[in-house]
Novice: 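After the structure tokens below, expect a handful of questions from me.
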2 protein chains.
Amino acid sequence: MNTAINESFGLIGNSQLFSDIAPSDWDEVADILEADIKSFGRGEYIAYSGDRLRYIGIVLSGRIHIMKDDFYGNSVILTDLNRGDAFGETFACGGFELTVNIRAEEDTEVLRIKPEGILKGSAGAKNKNLEKDCGSYHRQELVLTLLRNLVKLFSSKNFFITGRIEHLSKKKTEDKLLSYLTDVERRGKKDKNGVFEINFNRQELADYLAVDRSALSSVMGRLRKRGVLEFKKNKFRIIKRTDSLKEI
Amino acid sequence: MNTAINESFGLIGNSQLFSDIAPSDWDEVADILEADIKSFGRGEYIAYSGDRLRYIGIVLSGRIHIMKDDFYGNSVILTDLNRGDAFGETFACGGFELTVNIRAEEDTEVLRIKPEGILKGSAGAKNKNLEKDCGSYHRQELVLTLLRNLVKLFSSKNFFITGRIEHLSKKKTEDKLLSYLTDVERRGKKDKNGVFEINFNRQELADYLAVDRSALSSVMGRLRKRGVLEFKKNKFRIIKRTDSLKEI
DNA sequence: TAAAGTATGTTGCAGTTGCAACGTTTGAAA
DNA sequence: TTTCAAACGTTGCAACTGCAACATACTTTA
């Protein structure tokens with residue numbers, strides 16, 4: 001039994017990928033998925049565009065950005081990942097070359113699992129190592145559960161990305177920003193005053209919304225003046241307006 | 001045996017979702033997935049934002065747009081679907097309410113399949129209808145294959161969407177357009193002269209890239225003048241430039 | 001073929017954004 | 001505390017976009 005990996009399952013055991021799996025099965029699951037743990041330093045690239053990624057990563061601690069950088073040095077943040085979030089599943093399961101860069105924004109620990117064992121084969125009698133690969137009924141059940149969890153993970157991811165497209169497809173910076181903030185406000189936890197936090201600093205926020213940082217700043221200033229938005233650093237509050245009522 | 005559904009499997013049998021499944025198994029698969037076929041007229045809405053979609057759709061014929069419409073009547077085309085393409089998997093498998101509208105752009109036939117049968121349970125002995133649900137070893141194998149195919153479908157979809165984000169995240173219309181066209185050129189089939197076709201008219205293309213139609217038109221005109229792009233209606237040719245060499 | 005409808009291109013203008021440069025605040029290190 | 005660097009805000013300008021209105025093709029239908 002691998003203590004470190006078992007610990008990590010404990011950390012993110014409530015993650016989508018391992019739901020409905022009993023702690024007593026963690027060892028076997030770790031075996032099926034060839035799980036291991038790797039650490040990355042702040043600013044270190046976990047993988048580059050063009051690489052073949054053979055594992056799905058799960059953030060145990062720290063923070064990761066999936067980003068796309070072009071010739072000119074412009075970079076766009078595609079996803080911001082924090083503890084419990086998974087990444088790379090698209091490439092690991094689809095066999096595509098990476099089209100993005102993956103970078104640790106802080107010192108980061110990643111649980112790496114290979115989906116190959118549950119995606120490939122077990123074509124019954126054809127397999128020599130029948131006992132291990134085709135395995136017991138129990139193992140079969142585990143594979144089924146993992147596959148189902150993987151499908152749910154993909155669904156959530158896709159759902160999230162669809163929201164991302166929605167923000168990006170607004171034409172004006174102001175709309176992009178409000179679309180994003182409203183989304184974070186709805187999903188995340190806010191205090192009793194309606195104040196919530198985002199994970200980005202200004203430059204990152206601009207890269208996420210694909211706009212210029214200074215332009216974003218001035219748009220934010222305008223929104224503050226108009227009384228639509230309050231913010232200080234990365235804490236925000238959206239002021240709900242009831243214009244239509246006020247006008248009556 | 002349902003002839004229509006079997007025929008449809010023949011039509012899109014090479015689709016990702018049904019790969020590695022023998023024609024002799026189609027009937028059983030159709031049963032597992034509760035497959036049926038439904039037709040929609042041109043312009044008809046297949047589902048609205050807010051609906052619960054319980055099936056995955058596969059386009060047998062015709063054409064479908066997944067779109068997001070806001071208050072002001074602005075609409076953004078998220079995806080353009082043609083024969084063989086699947087849709088709705090995110091919502092059907094994730095249990096989310098639809099956040100998009102789905103509309104038939106032409107007379108369209110859709111194969112509908114419910115993923116519930118392969119996502120839910122079969123918790124062995126707990127199930128009363130053991131013979132049917134837990135089923136034979138063969139049925140178990142089919143479920144496994146379908147799940148794996150579903151994962152691959154999600155991977156491809158995600159990969160595709162990532163590209164979509166890349167286009168949208170360009171700041172200028174010109175870059176959005178070229179990013180999109182280059183992508184289509186690479187994926188799709190072009191003739192010996194490098195001419196390829198897109199599925200959109202101008203308004204649709206503008207809605208896809210989230211820009212104004214007339215602004216798009218004028219940008220296209222400029223690109224033509226500059227000799228970067230040739231086009232007529234929905235046929236395009238990108239002229240590869242070797243500026244750096246010419247300047248020497 | 002005529003007529004109506006649809007798709008595409010063009011133009012002018014007001015408003016927004018990208019970009020570069022500079023000023024201010026903040027927080028960590030010396 | 002002082003110093004320094006990074007983050008954030010501001011400003012000015014050139015360029016781009018959204019938008020509305022109109023002009024020109026191309027299709028479809030009667």
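Residue numbers begin at 1 in each chain, while the letters A, B, ... track the order of the sequences. Predicted model, so just to flag it, every value in this text is computed and none were measured.
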Novice: Given D:dG9, C:dT8, C:dT17, identify the nucleotide with an atom nearest to the side chain of B:N201.
Specialist: C:dT8
Novice: Between B:R112 and B:D36 (salt bridge meaning N to carboxylate O under 4.0 Å), is one present in this structure?
Specialist: yes
Novice: Nearest whole angstrom, please: distance from the C1' of C:dA7 to the NZ of B:K232.
Specialist: 14 Å
Novice: Any donor-acceptor pair, under 3.5 Å, between the side chain of B:S214 and the base of D:dC19, if you only look at N and O atoms?
Specialist: yes
Novice: Atom CZ of A:R224 to atom P of D:dT10: distance rounded to whole Å?
Specialist: 7 Å
Novice: Between atom NZ in B:K171 and atom P in C:dT16, what is the gap in whole Å?
Specialist: 19 Å
Novice: Out of C:dG9, D:dT11, D:dG9, which has the shortest distance to the side chain of A:S218?
Specialist: D:dT11
Novice: Rounded to the nearest angstrom, tell me the gap between atom CG in B:N234 and atom C1' in D:dT27.
Specialist: 14 Å
Novice: So, are A:E106 and A:R42 salt-bridged, with charged N and O less than 4.0 Å apart?
Specialist: no
Novice: Choose from C:dG18, D:dT17, C:dG9 the nucleotide whose nearest atom is closest to any side-chain atom of B:A215.
Specialist: D:dT17
Novice: Check A:R63 with A:E105, please: is the shortest side-chain N to carboxylate O separation under 4.0 Å?
Specialist: no
Novice: So, A:E166 and B:K68, do they make that salt bridge, N to O below 4.0 Å?
Specialist: yes
Novice: Rounded to whole Å, how long is the line connecting atom CD of A:Q203 with atom P of C:dT26?
Specialist: 20 Å
Novice: If you check the A:R213 side chain, which of C:dA21, C:dT10, D:dT27 turns out closest?
Specialist: C:dA21
Novice: Categorize A:S217 for me: base, sugar-phosphate, or nothing, with a 4.0 angstrom heavy-atom threshold over every strand shown.
Specialist: base
Novice: So which nucleotide from D:dG18, C:dG18, C:dG9 ends up closest to the side chain of B:V211?
Specialist: D:dG18
Novice: Expressed in angstrom and rounded to an integer, what is the separation of B:F200 atom CZ from C:dA7 atom P?
Specialist: 15 Å
Novice: Take the protein atom CG of A:N74 and the nucleotide atom P of C:dA20, then report the distance between them rounded to whole Å.
Specialist: 10 Å
Novice: Expressed as a whole number of angstroms, how long is the span from A:R202:CZ to C:dT25:P?
Specialist: 16 Å
Novice: With a 3.5 Å distance limit and no angle check, can you tell me whether B:R164 reaches the backbone of A:I165 through a side-chain donor-acceptor pair?
Specialist: no
